[in-house]
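A quick write-up on the structure given underneath.
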Amino acid sequence: MEIKTLSHIQFKDPAFRCGIFPGVTRLADGSLLMLFVAGDEFESADQHIVQARSCDNGKSWQLDGAIHDRAELNFAMPFNDCAKPTLMENGELLALGYGFFRDRPDMDLSSYAEQFGHFPESKNFTLRSSDNGKSWSRHEFIEHGYIGLETSGPALKLANGELLFFAPPFGVQAGEQIGLCFNGGKDGRVWQEIGQFAHTPDIASWEIRACQLDSGRIVLIIWAFDLKNQRHLNNRICYSDDNGKSWSEPLDIQLPGQASGILKLEDESFFVLQTRREGAECGLFLTRFELSSSGKLTNCGGNWVMRAGDLASADGNIERQFCSLKFGQPSMLPLDGNEYLVVYWQAEGDIYQIQSRIVQVS
């Protein structure tokens, strides 16, 4: 596989040093809309959602600013939210996400978790826009019986128009770990748990991303972390042939990686865009896979999209590693022919910027 970068843009909200966690979707008019998080520090209590849009397939971006006036939301304490957009069947936008109530705004989230053994109170929510992101609804909180779910990816719109999301409960302690699938119908207003894609001792399933292949099979890419032994495992995938009700056993893709994106291709193949933050070979690595009807996974080759050898995470427990993250959350969107948009975030010193690349894959 050969990968050529055709263009590379870096940007952030000019009022803040930090731009992280981008998610992008194509709108009904063909333009692109990106949501990302802006704040003064990586986990600071002033973080909020901003948006940017592109009318030329990602060659340039116009920053729109914050999607909400924070003072009008009337939260009792700072609520730091993050969301990724999905275009629904009716042409409206649905942004799915999570947020933390910062009862200790003087502490970053990772230090909070290290001191108290858990993250602050969190809520899952959706936001809606019926005017291509010019205005957004207030947060519609999702009711469930968990302490908070890591809905770090966008809702997946199935071929039948229904919406699914996939997430583990927030947690950094060893013990029983689960991964949950929720169905929100076609409008994403009422969400119901319909299946579990993971149920294992100690192995966390973080940063889930999903796609639906031409056959209707749903495939997830998982950041697998061994909480008991505090070590990263190879990325794993699992799949469902009944719209999320039942799931295969996890398949080791035999490649190291953490937070990763996934994109369907033709037939039963897909790209996995891995974040690799360990050792000397860090960066974003793209691999094409095929998954047979019987569940056999075939690596069809890969290459680097971006190398970042000086941006490895710190050693030690996972809370310390979270504090030291310097790049991640990559995702891909098809453009024309063999060209793709890749978005992610990356730090240069204490400045965090959104990265937008157009790459050619052959």
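By convention here, the first residue in the shown sequence is residue 1.
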Check your understanding: Does a donor on one side chain sit under 3.5 Å from an acceptor on the other, for E92 and S129?
Key -> no
Review point. Taking C-beta and beyond as the side chain, do S331 and V343 meet within less than 4.5 Å on heavy atoms?
Key: yes
Check your understanding: Could you state the interatomic distance from NZ (K264) to CE (M332), rounded to the nearest 0.5 Å?
Key -> 13.0 Å
Practice item. Would you please indicate yes or no on a ring centroid separation below 6.0 angstrom for F225 and W206? Key: yes
Practice item. Taking all heavy atoms of C238 and all of F197, pick out the closest pair and write down the distance. Key: SG-CB, 3.7 Å
Review point. Ion pair present between K84 and E207, side-chain N to carboxylate O less than 4.0 angstrom?
Key: no
Check your understanding: With R209, which of I221, V272, L263 fulfils side chain to side chain contact (heavy atoms under 4.5 Å, CB included)?
Key -> I221
Review point. Going from CG on L156 to CG on N243, what distance comes out if it is rounded to the nearest 0.5 angstrom?
Key: 9.5 Å
Point to revise | Whether D46 side chain and D40 backbone form a donor-acceptor pair below 3.5 Å | key: yes
**Study point:** side-chain contact (heavy atoms from CB on, under 4.5 Å) between F289 and L255, intermediate numbers included
**Key:** CA-CA 12 Å; F289 289 95; L255 294 172; 4.0 Å; yes
Check your understanding: Near Q360 CD, under 6.0 Å, is it more than 12 heavy atoms from other residues, nucleotides or ligands?
Key -> yes
**Study point:** Any residue meeting salt bridge (Lys or Arg N to Asp or Glu O under 4.0 Å) with K157, in chain and number order, not counting sequence neighbours
**Key:** none
Review point. Within the side chain of N124, is there an N or O that forms a donor-acceptor pair under 3.5 Å with the backbone of Y98?
Key: no
Point to revise | Test item: side-chain donor near acceptor, Q355 and H8, under 3.5 Å | key: yes
Check your understanding: Ignoring hydrogens and geometry, is there a side-chain-to-backbone donor-acceptor pair from Q196 to C181 under 3.5 Å?
Key -> no
Review point. What pair of heavy atoms forms the shortest contact from A347 to L311, and how long is it?
Key: O-CD2, 4.0 Å
Review point. Hey, are the side chains of N80 and V37 touching, using non-hydrogen atoms and a 4.5 Å cut-off?
Key: no
Check your understanding: Are any non-hydrogen side-chain atoms of I262 and L220 less than 4.5 angstrom apart?
Key -> no
Review point. Between F271 and Y340, does the ring centre distance come in under 6.0 Å?
Key: yes
**Study point:** Contact check, side chains of N57 and L341, non-hydrogen atoms, under 4.5 Å
**Key:** no
Exercise for review: Go through the side-chain N and O atoms of Y344 and R357 and say whether any donor and acceptor fall under 3.5 Å apart.
Suggested key: yes
Study note, to complete from the structure: In terms of heavy-atom contacts, S356 and W61 come closest through OG-NE1, 3.0 Å
**Study point:** Sub-6.0 Å ring centroid separation between H139 and F75
**Key:** yes
Review point. Under a 4.5 Å cut-off applied to non-hydrogen side-chain atoms, are L251 and R236 in contact?
Key: no
Review point. Can we say R217 and E268 salt-bridge, meaning some charged N sits less than 4.0 Å from an Asp/Glu carboxylate O?
Key: no
Study note, to complete from the structure: For L33 and N132, the nearest pair of non-hydrogen atoms, with its separation, is CD1-O, 4.1 Å
Donor-acceptor contacts, no H, no angles, side chain residues 159-177, under 3.5 Å, sequence neighbours left out:
{"residue": "N160", "atom": "OD1", "partner": "E162", "partner atom": "N", "Å": "2.9"}
{"residue": "E162", "atom": "OE1", "partner": "N183", "partner atom": "ND2", "Å": "3.1"}
{"residue": "Q173", "atom": "NE2", "partner": "G117", "partner atom": "O", "Å": "3.1"}
{"residue": "E176", "atom": "OE2", "partner": "H199", "partner atom": "NE2", "Å": "2.5"}
{"residue": "Q177", "atom": "NE2", "partner": "Q173", "partner atom": "O", "Å": "3.0"}
{"residue": "Q177", "atom": "NE2", "partner": "G175", "partner atom": "O", "Å": "3.3"}

Check your understanding: Do you know which two heavy atoms are closest between E290 and S269, and how far apart they sit?
Key -> CG-CB, 3.8 Å
Practice item. Evaluate the criterion ring pair (Phe, Tyr, Trp, His ring centres under 6.0 Å) for residue pair F100 and F119; output intermediate values, then yes/no. Key: CA-CA 8 Å; F100 294 103; F119 289 106; 5.7 Å; yes
Review point. Any chance NZ of K123 has more than 12 other-residue heavy atoms, nucleotides or ligands included, within less than 6.0 Å?
Key: no
Review point. Would you find a donor on one side and an acceptor on the other, under 3.5 Å apart, between the side chain of S44 and the backbone of F42?
Key: no
**Study point:** Side chains of Q346 and I354 in contact at under 4.5 Å (non-hydrogen atoms)
**Key:** no
Exercise for review: I would like to know whether L335 and R26 meet side-chain contact (heavy atoms from CB on, under 4.5 Å); could you show each step before the answer?
Suggested key: CA-CA 10 Å; L335 299 176; R26 189 176 296 280; 3.6 Å; yes
Review point. Hey, what do you get for CH2 (W191) to NE2 (H144), rounding to the nearest 0.5 Å?
Key: 11.5 Å
Practice item. Start with the C-alpha distance between S110 and D108, add both sets of side-chain angles, then the distance that settles side-chain hydrogen bond (donor to acceptor under 3.5 Å, both in side chains), and finish with yes or no. Key: CA-CA 6 Å; S110 299; D108 61 55; 4.6 Å; no
**Study point:** R277 side-chain N/O to F327 backbone N/O, donor-acceptor pair under 3.5 Å
**Key:** yes
Study note, to complete from the structure: Between D214 and D267, the two heavy atoms sitting closest are OD2-N, 2.9 Å
Check your understanding: What about F79 and H48, are their ring centers closer than 6.0 Å?
Key -> no
Exercise for review: Determine yes or no for a side-chain-to-main-chain donor-acceptor pair under 3.5 angstrom, with R276 supplying the side chain and P256 the backbone.
Suggested key: yes
Exercise for review: Considering only NZ, NE, NH1 and NH2 on the basic side and carboxylate oxygens on the acidic side, decide whether D106 and R104 come within less than 4.0 Å.
Suggested key: yes
Check your understanding: Any side-chain heavy atom of L265 within less than 4.5 Å of one from R288?
Key -> yes
**Study point:** Validation row: F36, F11 side chains within 4.5 angstrom (heavy atoms)
**Key:** yes
Check your understanding: Hey, what's the ring geometry for Y146 with F182, parallel, tilted or perpendicular (30° and 60° as the breaks)?
Key -> perpendicular
Review point. Any sub-3.5 Å donor-acceptor pair from N229's side-chain atoms to R231's backbone N or O?
Key: no
Review point. Just checking, any donor-acceptor pair under 3.5 angstrom between side chains of N235 and S260?
Key: yes
**Study point:** Any donor-acceptor N/O pair, T86 side chain to A155 backbone, under 3.5 Å
**Key:** yes
Review point. Any donor and acceptor pair, going by atom type alone, linking the side chain of Q329 with main-chain N or O of W345 inside 3.5 Å?
Key: no
Exercise for review: Find the distance between OG1 (T25) and CG (L35) and round it off to the nearest 0.5 Å.
Suggested key: 9.5 Å
Per-pair distances, 0.1 Å, donor-acceptor, side chain in residues 299-310, under 3.5 Å, sequence neighbours excluded:
{"residue": "N299", "atom": "OD1", "partner": "G301", "partner atom": "N", "Å": "2.7"}
{"residue": "N303", "atom": "ND2", "partner": "M1", "partner atom": "O", "Å": "3.0"}

Practice item. Could you please spell out the steps behind the salt bridge (charged side-chain N to carboxylate O under 4.0 Å, His left out) verdict for R70 and D81? Key: CA-CA 11 Å; R70 306 297 290 177; D81 48 0; 3.3 Å; yes
**Study point:** Residues E140 and R189 bridged, charged N to O under 4.0 Å
**Key:** yes
Practice item. Start with the C-alpha gap between R102 and L109, add the side-chain angles, then the distance that decides, and say whether side-chain contact (heavy atoms from CB on, under 4.5 Å) holds. Key: CA-CA 9 Å; R102 302 298 290 273; L109 291 169; 3.7 Å; yes
Check your understanding: Can you tell me if CD on E143 sees more than 12 non-hydrogen neighbours from other groups inside 6.0 Å?
Key -> no
Exercise for review: Check for a donor-acceptor pair, side chain of D226 on one end and backbone N or O of Q230 on the other, with a separation under 3.5 Å.
Suggested key: no
Review point. Quick one: OG on S313 to CD on Q258, what's the gap to the nearest 0.5 Å?
Key: 6.5 Å
